[in-house]
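In what follows, a structure is listed as structure tokens, so that the remarks can point back to it.
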There are 2 protein chains.
Amino acid sequence: MIKTSDEKYLRAIYHLSEDKNNKVSLSELAYYLDLKPPTVLERVHVLQSEKWITYKKTDGIHLTKTGEKEALNVVRKHRIWETFLHKICKFSWSEVHELAEQLQNVNSEKLIDRIYDLSGTPKFDPHGDPIPDKSGKLPVSERRPLLNSVDGCKCVVLGVNEDSNEFLNYLTDLKIGLNEKLIVEKVFVFDGSMKIKYRNNESVILSPKVAEKIQVTCIKPNCPCKN
Amino acid sequence: MIKTSDEKYLRAIYHLSEDKNNKVSLSELAYYLDLKPPTVLERVHVLQSEKWITYKKTDGIHLTKTGEKEALNVVRKHRIWETFLHKICKFSWSEVHELAEQLQNVNSEKLIDRIYDLSGTPKFDPHGDPIPDKSGKLPVSERRPLLNSVDGCKCVVLGVNEDSNEFLNYLTDLKIGLNEKLIVEKVFVFDGSMKIKYRNNESVILSPKVAEKIQVTCIKPNCPCKN
DNA sequence: TACTAAAATTAGGTATGCCTAACAATTAAT
DNA sequence: ATTAATTGTTAGGCATACCTAATTTTAGTA
Ligand SMILES: [Mn+2]
Ligand SMILES: [Mn+2]
Ligand SMILES: [Mn+2]
Ligand SMILES: [Mn+2]
């Protein structure tokens with residue numbers, strides 16, 4: 001049986017190898033977990049001996065098949081809790097992550113099933129991230145960065161690429177939330193920032209850094225936006 | 001700020017000094033927590049230095065005013081989670097305790113408030129135990145042991161005095177649950193066991209050991225049952 | 001009161017999960 | 001190719017939360 005403290009590592013490794021899909025280095029993992037490299041090295045050796053991961057200095061850290069399955073299970077629990085907290089308990093999308101970190105440790109598949117049902121058997125969490133099914137399969141989504149939009153594109157927010165409170169609160173201030181419809185009025189070729197219209201003709205200019213992290217899908221068919 | 005591991009101790013001490021309202025001994029506490037006395041002694045010293053409890057070998061362990069307040073807060077969290085699990089997540093009353101033990105460690109007053117509201121701001125948990133309010137005040141209940149009933153008494157189940165799965169599953173097998181109406185057909189003076197009628201004229205003979213642990217209140221006013 | 005059983009304490013030990021400081025190896029830059 | 005910076009590794013230590021075995025204290029009983 002896997003331990004809670006292992007799950008933390010597996011989820012971290014999963015995220016790091018997902019984002020930047022190249023090898024995960026020791027120091028990277030240490031930084032992500034807010035721990036020091038010797039600490040992490042120690043645990044990595046253990047995780048390796050338990051066959052959850054492989055590690056070679058040159059090759060970095062990789063999840064094994066079993067490790068990935070376990071990681072996806074933690075991701076599943078995390079995202080189901082986030083969804084439950086948002087939909088049923090009415091927490092904002094910037095509050096759910098931290099709480100879910102605690103709740104995901106609770107050890108009861110039956111409880112996960114129940115809150116999953118209570119939340120309406122969702123496919124995506126409040127940040128738009130896909131919820132793996134029990135076998136670890138991820139639902140596919142059309143999401144692409146808002147940054148790839150062309151002038152005139154009408155699209156809808158499916159999620160975000162970053163969980164940080166600073167970012168989420170910024171969006172909340174702008175009143176940009178999940179399922180918000182956005183019209184890309186103009187893309188400024190200079191730096192890629194874009195003027196967006198939404199709600200009752202509110203409008204805002206988003207920096208490319210922000211636009212890159214907002215995930216959308218076009219509403220009109222055959223929209224010429226890049227993916 | 002109090003630590004999760006301290007809360008476990010405070011709740012245990014609270015229960016032990018509640019049940020048998022005399023002093024709580026070290027070995028008693030150790031047994032309850034399923035730990036060895038030296039382990040517990042160590043922690044007791046710490047808890048004492050942190051002013052949650054007092055301890056003198058002769059006098060046993062006592063919660064301080066602050067300690068009791070903290071203990072009541074854990075009890076509150078525990079019972080709210082139990083209620084939520086039962087009412088909203090449809091867990092049976094024998095399943096909720098163990099899960100609540102895990103969930104009560106989650107650190108968010110806001111979350112407790114939300115699930116409390118979701119559960120319909122209950123005053124009692126699925127075992128009939130009172131849920132303290134935020135200031136630590138307990139709602140009063142009319143509960144008395146079924147054992148104190150006289151022949152012919154009509155009463156309703158308000159709770160139980162024991163959380164063990166063996167006991168709860170026994171009641172579940174008999175289909176005796178919360179709010180079940182019971183008629184005491186006959187009390188056998190020999191040993192105090194009693195014949196009970198309930199539901200569609202089902203009937204059963206309960207041993208005094210069981211009857212003592214079922215908490216009820218009389219339905220008819222001026223019922224001559226003892227309290 | 002003296003003896004015995006139970007409870008409390010002390011001493012010393014283990015596993016886990018974290019750390020710093022010092023050193024080695026690798027990779028990037030001049 | 002040499003140097004500098006980054007990354008990984010080793011060694012040794014600390015705190016927490018447990019344990020057993022041995023001893024002391026207290027309380028119950030004869
Ligand atoms: Mn999250
Ligand atoms: Mn999420
Ligand atoms: Mn309970
Ligand atoms: Mn209860």
Side-chain angles (χ1 to χ4, degrees), chain A residues 1-13 15-17 19-63 67 70-71 74 101-102 104-105 107, chain B residues 1-13 15-17 19-63 67 70-71 74 101-102 104-105 107:
Chain A
M1 187 65 301
I2 193 164
K3 280 174 299 176
T4 294
S5 45
D6 290 342
E7 294 190 334
K8 192 177 68 171
Y9 275 76
L10 296 187
R11 197 168 75 93
I13 295 164
H15 281 311
L16 289 172
S17 41
D19 286 11
K20 28 180 71 179
N21 60 329
N22 61 66
K23 68 169 186 174
V24 176
S25 72
L26 197 67
S27 48
E28 210 181 346
L29 179 57
Y31 180 79
Y32 184 89
L33 290 170
D34 200 16
L35 296 171
K36 302 298 168 185
T39 304
V40 172
L41 179 60
E42 222 171 71
R43 302 297 306 283
V44 156
H45 285 324
V46 175
L47 289 170
Q48 188 170 33
S49 80
E50 287 167 345
K51 304 278 168 64
W52 302 113
I53 62 173
T54 61
Y55 173 59
K56 268 181 291 180
K57 161 171 45 188
T58 44
D59 205 30
I61 303 162
H62 294 277
L63 293 168
E70 206 57 50
V74 193
E101 294 256 289
Q102 297 184 56
Q104 80 193 1
N105 297 328
N107 185 21
Chain B
M1 189 66 297
I2 192 164
K3 278 174 299 173
T4 293
S5 44
D6 289 343
E7 294 189 336
K8 191 177 68 172
Y9 275 76
L10 297 187
R11 197 168 77 92
I13 295 164
H15 281 311
L16 290 172
S17 41
D19 284 12
K20 28 181 73 181
N21 59 329
N22 60 66
K23 67 169 188 177
V24 176
S25 71
L26 197 66
S27 46
E28 209 180 348
L29 180 57
Y31 180 79
Y32 184 91
L33 290 170
D34 199 17
L35 296 171
K36 303 296 168 188
T39 304
V40 172
L41 179 60
E42 222 172 68
R43 302 295 307 283
V44 156
H45 284 323
V46 174
L47 289 169
Q48 186 169 34
S49 80
E50 287 167 345
K51 303 277 167 62
W52 301 114
I53 62 173
T54 60
Y55 174 59
K56 267 181 294 179
K57 160 170 41 187
T58 45
D59 205 28
I61 303 163
H62 294 276
L63 293 169
E70 206 58 49
V74 193
E101 293 257 289
Q102 296 183 55
Q104 80 194 358
N105 297 328
N107 183 21

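Protein chains get the first letters and strands the later ones, always in sequence-line order, with residue 1 at the start of each. What you are looking at is a predicted structure, and each value in this text was computed from that prediction instead of being measured.
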Q. Which atom names give the shortest non-hydrogen contact between A/Leu29 and A/Leu16, and what distance separates them?
A. CA-CD1, 3.7 Å
Q.
Show the nearest heavy-atom pair for residues B/Lys23 and B/Glu28, with the distance to one decimal.
A. O-OE1, 3.7 Å
Q | For B/Asn107, side-chain contact (heavy atoms from CB on, under 4.5 Å) partners two or more places apart | A | A/Gln102
Q: Could you state the atom-to-atom distance from CG of A/Leu26 to P of C/dT27 in whole Å?
A: 14 Å
Q) Which residues in residues 32-51 of chain A have at least one heavy atom lying under 4.0 Å from any atom of DNA chain D? A) A/Pro37, A/Pro38, A/Leu41
(Q) Mind checking if B/Lys8 touches a base, just sugar-phosphate, or nothing, with heavy atoms under 4.0 Å? (A) sugar-phosphate
Q.
Taking salt bridge (charged side-chain N to carboxylate O under 4.0 Å, His left out) as the definition, give me every residue that meets it alongside B/Glu101, ordered by chain and number, with sequence neighbours left out.
A. B/Arg11
Q) Is the backbone of A/Leu33 close enough, under 3.5 Å, to the side chain of A/Lys8 for a donor and an acceptor to pair up by distance? A) no
**Q.** Check: B/Val74 and B/Gln104 side chains under 4.5 Å, non-hydrogen atoms
**A.** yes
**Q.** Pairwise side-chain contact, A/Leu10 with A/Ile53, heavy-atom cut-off 4.5 Å (strictly under)
**A.** yes
Q) Rounded to whole angstrom units, what separation is found between the CG atom of A/Asp6 and the P atom of C/dA15? A) 17 Å
Q. Contact class for B/Tyr55 (heavy atom, under 4.0 Å): base, sugar-phosphate, or nothing?
A. sugar-phosphate
Q.
From NZ of B/Lys3 over to P of D/dA15, roughly how many Å is that when rounded to an integer?
A. 13 Å
(Q) With a 4.0 Å limit, can you tell me whether A/Ser5 has a side-chain N or O closer than that to the phosphate oxygens OP1/OP2 of C/dT16? (A) no
Q.
Side chain of B/Ser27 only, heavy atoms from C-beta on: which candidate in D/dG8, C/dC18, C/dA7 is closest?
A. C/dA7
**Q.** Phosphate OP1/OP2 of C/dA7: any B/Ser25 side-chain N/O under 4.0 Å
**A.** no
Q: Just jot down the side-chain contact (heavy atoms from CB on, under 4.5 Å) partners of A/Leu41, sequence neighbours excluded, or say none.
A: A/Leu26, A/His45, A/Tyr55
Q: Sorted by first residue and then second, give each side-chain hydrogen bond (donor to acceptor under 3.5 Å, both in side chains) pair with at least one member in residues 30-44 of chain B; sequence neighbours left out.
A: B/Asp6-B/Arg43
**Q.** nucleotides 24-29 of chain D: protein proximity per nucleotide (B base, S sugar-phosphate only, - neither; heavy atom, under 4.0 Å)
**A.** -SS---
Q) Could you walk me through whether A/Trp52 and A/Ile2 pass the side-chain contact (heavy atoms from CB on, under 4.5 Å) check? A) CA-CA 10 Å; A/Trp52 302 113; A/Ile2 193 164; 3.9 Å; yes
Q) Just how far, in rounded Å, is C1' of C/dA8 from CD1 of B/Ile61? A) 11 Å
Q | Estimated bend of the helix from C/dT1-D/dA30 to C/dT30-D/dA1 (axis per five terminal pairs, rounded to 10 degrees) | A | 0°
Q: Provide, to the nearest angstrom, the distance between the CG atom belonging to B/Asp59 and the P atom belonging to C/dA7.
A: 17 Å
Q | Protein-nucleotide distance (B/Leu29, atom CG; C/dA8, atom C1'), rounded to Å | A | 13 Å
Q | Partners meeting salt bridge (charged side-chain N to carboxylate O under 4.0 Å, His left out) with B/Glu70 (sequence neighbours left out) | A | none
